[in-house]
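What's counted below: heavy atoms across the whole structure, side chains too, no hydrogens, waters or symmetry copies. Bear in mind the structure is a predicted one, so any value in this text is a computation, not a measurement. Letters A, B, ... mirror the listed sequences (proteins, then strands); counts begin at 1.
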Amino acid sequence: PYRQSERVDLYRQHAAKLLAEGKAYKCFCTPEELEAERRQAQAEKRPYKYSRRCLIDPPKDRIEFTVRFKVPGGEIKFTDMIRGEMTFDADLIGDFILMKSDGFPTYQFASPVDDAVMKITHVIRGEEHLSNTPYQLMIVDALGYERPSAYAHMPLILAKDGTKLSKRKHPEANLVLYREQGYLPEAMINYLALLGWNPGTVQEIFTFDELVRVFSFERVQHAGARFDWEKLNWINGEWIRAMDDAELARRLRPFLKQLDEATIMRAVPALKTRMVKLSDAASLLEYLWTDPPSPTLDAEAIERVRAAAAALRDVAWEPPAIHEALMRVVEASGLGPNKTFMPIRLTVTGKKISPPIDYTLALLPKEVAMQRISSVLA
RNA sequence: GGCCCCGUCGUCUAGUGGCCUAGGACGCGGCCCUUUCAAGGCUGAGAUCGCGGGUUCGAAUCCCGCCGGGGCUACCA
């Protein structure tokens, strides 16, 4: 079982062992009493450590208790793969709680027990756990287990405000969000790898396999790194542009439920350089399933559309043929291409921004396109 | 408060005593390309290397102090 809630017996057994060996003891103090101790210490400007009153003189008339670890004191040393030799003074650490009064373990206890029982060799986690390591090491030692062979504490990913990412305050901590918006897993891995680590070369785009090959703990940063959406966006765009059309079409499917596969496939080349994330495709192609409002065009614009409509009537409905026909209209007009293209774009999509006009038209069934065009000519 | 970690362009970073008048990337500005928007190409601005003292012929790089930020310090994980 991997859930802590399904392994409570395991923690209870380990706690019982420590209790039996006198390496832990029951504490009957109430939260209020502990709070009072803490305030007292603060008032006297002395660092707080649990008083050990329940070790020295436990009350007889109480039943609810927690299990506290009897901190042996002394120096705790270990090697961190990123930061080197670490030494902590355990005399500064008060007896901490292993089992809560509800019978569940604290993280500080469950974590080292899990690591030992699961035979974890490398403990790689965020820097917020650096100061927790001595706590956990003391437990591993007290339990008589072998210590994990290596620890590595990675720099924190910080929010824009410079504090540790938290689910409450920072939406970017929520992984589901990225999938929903169409950030590619490849891009996420790529970006996250670059946050707090660098290869020592100018390469920025990495596949997972490449990362496995070049990653090294020696090159990971010691300072926290701020999460930067802009850079993620760029990397995601790079991955989108580099992806082959069929694969991109496949990934686009959940974001373009209104369209059939063939249409998505035909749209891909036009979409590719215009998306920062997959969800961007929807607004670009919205006109395919939603009739745009009819635009207000001046007389000249209407003339341009009229000329285009005539030229398109007998044309094969593919981007090259459409392009050719439209360019003839543009040349005949003696005006810039935009004078013709923009009014068409506006009538067909309702927007000033769209893929190139030949693609924009070709993606729409010819009848629908021609109907939208003729509606402004009436 | 105590303990721990950290401090180079706005951001991610290169840099381990001279190659640094501090390099790259994202973002930002300009130009080019152009059918709008992107993409692409070129180009520019942007960091007195947190501050102050040392050491040294020479320091972003070594030492000390200070300041600043973050983390841990819970019957959260």
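Only the C1' atoms considered, rG7(B) is 29 Å distant from rG44(B), to the nearest whole Å.
In the set rU35(B), rG15(B), rC12(B), the nucleotide with an atom closest to the side chain of A225(A) is rC12(B). The side chain of A223(A) sits closest to rG7(B) out of rU36(B), rG2(B), rG7(B). Among the nucleotides rC26(B), rG2(B), rU36(B), the one closest to any side-chain atom of W234(A) is rC26(B).
When the side-chain nitrogen and oxygen atoms of H222(A) are compared with OP1 and OP2 of rC6(B), one or more of them lie within a distance under 4.0 Å.
Base pairing of rC26(B): its partner is rG10(B), meeting the Watson-Crick or G-U wobble criterion (both donor-acceptor distances under 3.5 Å).
The distance from atom CG of D358(A) to atom P of rC37(B) is 16 Å, rounded to the nearest whole Å. Counting to the nearest Å, the P atom of rG2(B) and the CZ atom of F96(A) are 22 Å from each other. Taking atom CE on M86(A) and atom P on rC3(B), their separation rounds to 14 Å, with Å as the unit.
The residues E35(A) and R39(A) are annotated as salt-bridged, a charged nitrogen and a carboxylate oxygen being separated by less than 4.0 angstrom.
Along RNA chain B, the nucleotide nearest to Q221(A) and the one nearest to I353(A) differ in position, and the one closer to the 5' end is contacted by Q221(A).
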*Classify every nucleotide of nucleotides 64-77 of chain B by which part a protein heavy atom approaches to under 4.0 Å, writing B for the base, S for the sugar-phosphate alone and - for neither, in 5'-to-3' order.*
------BBSSSBSB
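Across all strands shown, P155(A) has no heavy atoms under 4.0 Å from either base or sugar-phosphate atoms.
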